[in-house]
Peer 1: 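Below is one structure. I have some questions about it.
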Amino acid sequence: MATYAVGDLQGCLSPLLKLLDKCRFDPSQDQLWFVGDLVNRGPDSLEVLRFVRDLRNSAISVLGNHDLYLLACAYTDRKPKQQDTLDTILAADDRDELLDWLRRRPLMHRDTVLGWTLVHAGIPPAWDIPTAEFYAREAEATLSRPEVATFLAQMYGDQPTRWSPELTGIDRLRYTINGFTRMRFCQTDGTMDFSTKSRPDPKKANQLLPWFDVPGRRSEGERIVFGHWSTLGPAKARNQTWCIDQGCIWGGSLTALRLDTPKPVLFTTKCRGYQRPG
Ligand SMILES: [Mn+2]
């Protein structure tokens with residue numbers, strides 16, 4: 001039995017099918033882990049959502065910022081923007097089943113036997129693994145409740161950026177969601193910084209660090225696979241974390257990382273690119 005983690009799809013189905021062919025994925029035996037952002041910007045958001053849902057127990061998908069954005073568009077008065085490709089989902093006959101399935105996906109998945117943890121963007125440096133799991137479960141419970149709309153309407157915002165065990169209510173939930181699904185950079189003390197999406201700038205390393213390079217990061221030592229950061233550079237181990245978002249939607253590649261081998265093995269397939277940056 002093989003386990004593959006697959007990078008951000010953002011509504012691109014054909015690269016996924018090609019990639020699964022390439023690694024000879026067998027749904028009767030193997031498992032797929034998806035780093036989230038299944039939908040938006042690509043041409044087949046609805047088909048990708050149905051495909052991953054239909055894999056049932058052969059797939060684990062964590063929530064990304066684009067998945068949460070779809071939920072916000074579906075359950076609140078937020079309107080999709082011009083570059084979004086969510087309309088086919090919002091108009092689909094099976095939209096309610098799909099959205100209900102999506103909002104019950106985890107924010108973090110950990111397999112202690114395999115020794116890997118899956119998240120969309122990262123784990124806040126202030127959290128060790130049990131702490132991260134605790135707050136993931138809290139936010140997941142909120143998303144699975146019937147009153148999900150109330151939460152989604154208050155979800156957006158950059159604050160608070162600094163962790164404190166005294167945070168409560170919507171502030172704590174927003175910190176959790178932003179850490180798992182939006183974070184890239186932190187200040188050297190671990191405060192999240194949402195001012196830039198670019199690649200790390202060595203000249204600014206005394207102010208802004210990728211979350212996985214923050215000194216004293218409490219999840220250090222854990223193998224973590226994530227996506228969300230297509231400008232980070234080649235997929236490789238960085239402090240035992242692997243970013244496998246290789247910018248499929250931008251004409252880069254779709255990447256899978258086999259996790260159950262002594263050393264992780266990369267599989268990639270070229271993507272034609274459906275969106276231009278900016
Ligand atoms: Mn993302």
Side-chain angles (χ1 to χ4, degrees), residues 5 7-8 33 35-37 62-66 68 107-110 115-136 139 155-167 171-247 249-250 252 255 257 259 264 266 277-278:
D8 308 47
W33 288 15
V35 298
D37 280 357
V62 290
L63 288 164
N65 53 305
H66 283 283
L68 290 168
L107 287 160
M108 169 180 175
H109 174 73
R110 184 175 186 225
W116 279 94
T117 292
L118 170 74
V119 290
H120 178 63
I123 296 177
W127 288 353
D128 60 17
I129 293 293
T131 305
E133 283 186 302
F134 179 87
Y135 292 112
M155 181 177 68
Y156 284 103
D158 290 347
Q159 297 297 329
T161 52
R162 198 186 169 84
W163 172 247
S164 159
E166 262 110 73
L167 289 178
D171 285 338
R172 183 156 91 191
L173 290 166
R174 199 185 293 117
Y175 182 92
T176 301
I177 294 281
N178 285 341
F180 282 125
T181 70
R182 291 182 57 215
M183 175 178 68
R184 291 185 182 89
F185 287 102
C186 291
Q187 294 164 23
T188 50
D189 67 354
T191 302
M192 296 191 287
D193 188 303
F194 299 107
S195 63
T196 174
K197 297 178 170 189
S198 60
R199 67 177 58 214
D201 180 351
K203 280 180 275 172
K204 289 190 184 151
N206 57 345
Q207 304 153 34
L208 278 189
L209 293 168
W211 64 269
F212 47 81
D213 281 340
V214 170
R217 174 169 63 85
R218 302 278 308 276
S219 57
E220 197 150 1
E222 182 82 4
R223 293 192 293 180
I224 300 168
V225 60
F226 66 103
H228 184 61
W229 200 345
S230 62
T231 55
L232 189 60
K236 59 173 188 176
R238 294 174 165 92
N239 285 345
Q240 300 199 65
T241 71
W242 283 77
C243 177
I244 56 170
D245 180 7
Q246 296 293 296
I249 188 68
W250 310 112
T255 297
L257 186 66
L259 305 176
L266 277 171

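Excluded from the calculations below are hydrogen atoms, water molecules and symmetry mates; all remaining heavy atoms, backbone and side chain alike, are included. All residue numbers in this chain count up from 1 along the given sequence.
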Peer 1: Dump the intermediate steps for side chain to side chain contact (heavy atoms under 4.5 Å, CB included) on Q187 and L208, then the final yes or no.
Peer 2: CA-CA 5 Å; Q187 294 164 23; L208 278 189; 4.2 Å; yes

Peer 1: Quick one: does T188's side chain get under 4.5 Å of N206's, heavy atoms only?
Peer 2: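 Result no, sub-4.5 Å side-chain heavy-atom pair not found.
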
Peer 1: Using 30° and 60° as the class limits, which term best fits the ring planes of W229 and F212: parallel, tilted or perpendicular?
Peer 2: tilted

Peer 1: Look up atom CZ in R238 and atom CD1 in I224, then write down how far apart they are to the nearest 0.5 Å.
Peer 2: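 Going from CZ on R238 over to CD1 on I224, the span is 14.0 Å.
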
Peer 1: Starting from the C-alpha separation in whole Å, work towards a yes-or-no answer on side chain to side chain donor-acceptor pair (under 3.5 Å) for N239 and D213.
Peer 2: CA-CA 7 Å; N239 285 345; D213 281 340; 2.9 Å; yes

Peer 1: At their closest point, which heavy atom of M183 faces which heavy atom of P125, and how far apart are they?
Peer 2: SD-CD, 4.2 Å

Peer 1: Given P200, which of L209, T231, L232 fulfils the side-chain contact (heavy atoms from CB on, under 4.5 Å) condition?
Peer 2: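 Exactly one pass, corresponding to L232.
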
Peer 1: Would you check if D37 and N65 make a side-chain contact, meaning some heavy-atom pair closer than 4.5 Å?
Peer 2: yes

Peer 1: Looking only at heavy atoms, which two atoms of G64 and T181 are closest? And how far apart?
Peer 2: C-CB, 4.1 Å

Peer 1: Working to the nearest 0.5 angstrom, can you tell me the gap between F134 CZ and M108 CE?
Peer 2: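 Reported to 0.5 Å precision, the distance equals 13.0 Å.
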
Peer 1: Between D245, I244, T241, which is the residue that forms a side-chain contact (heavy atoms from CB on, under 4.5 Å) with F226?
Peer 2: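 Option passing the side-chain contact (heavy atoms from CB on, under 4.5 Å) with F226: T241.
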
Peer 1: Do the ring planes of W127 and F180 sit parallel (below 30°), tilted (30 to 60°) or perpendicular (above 60°)?
Peer 2: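 Ring orientation of W127 relative to F180: tilted.
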
Peer 1: Grab the two heavy atoms, one from A235 and one from T255, that are nearest each other, plus how far apart they are.
Peer 2: CB-CG2, 4.5 Å

Peer 1: Closest approach of D171 and P160, non-hydrogen atoms and distance?
Peer 2: O-CD, 3.3 Å

Peer 1: Looking only at heavy atoms, what is the nearest atom pair of G179 and A121, with distance?
Peer 2: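 Residues G179 and A121, closest heavy atoms: O-CB, 4.1 Å.
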
Peer 1: Looking only at side-chain N and O atoms, does E222 offer a donor or acceptor that is under 3.5 Å from a partner on T117?
Peer 2: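 Yes, a side-chain donor-acceptor pair sits under 3.5 Å.
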
Peer 1: With the side chain counted from C-beta on, respond yes when T131 and R218 share a heavy-atom pair under 4.5 Å apart, and no when they do not.
Peer 2: no

Peer 1: Return the OG1 to NZ distance between T196 and K204, rounded to the nearest 0.5 Å.
Peer 2: 6.5 Å

Peer 1: With rounding to the nearest 0.5 Å, note down the distance linking CG in L257 to CH2 in W116.
Peer 2: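 Output value for this atom pair is 5.0 Å.
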
Peer 1: First locate atom OH of Y135, then atom OH of Y175, and finally report the distance between them rounded to the nearest 0.5 Å.
Peer 2: 10.5 Å

Peer 1: Under the side-chain hydrogen bond (donor to acceptor under 3.5 Å, both in side chains) test, which residues partner S164, sequence neighbours left out?
Peer 2: none

Peer 1: Kindly compute the distance separating CD1 (I123) from OG1 (T176), expressed to the nearest 0.5 Å.
Peer 2: 12.0 Å

Peer 1: Taking the side chain as every heavy atom from C-beta outward, state whether L173 and M155 have any atom pair closer than 4.5 Å.
Peer 2: no

Peer 1: More than 12 foreign heavy atoms under 6.0 Å from CZ of R162: is that the case here?
Peer 2: no

Peer 1: Compare every heavy atom of L63 with every heavy atom of L68, then report the nearest pair and how far apart it is.
Peer 2: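 Minimum heavy-atom separation between L68 and L63: CD2-CD1, 4.2 Å.
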
Peer 1: Does T161 have any side chain to side chain contact (heavy atoms under 4.5 Å, CB included) partners at least two apart in sequence or in another chain, and if so, which?
Peer 2: Q159, T191, M192, F194

Peer 1: Verify, without hydrogens or angle tests, whether H228 (side chain) and R182 (backbone) share a donor-acceptor contact under 3.5 angstrom.
Peer 2: yes

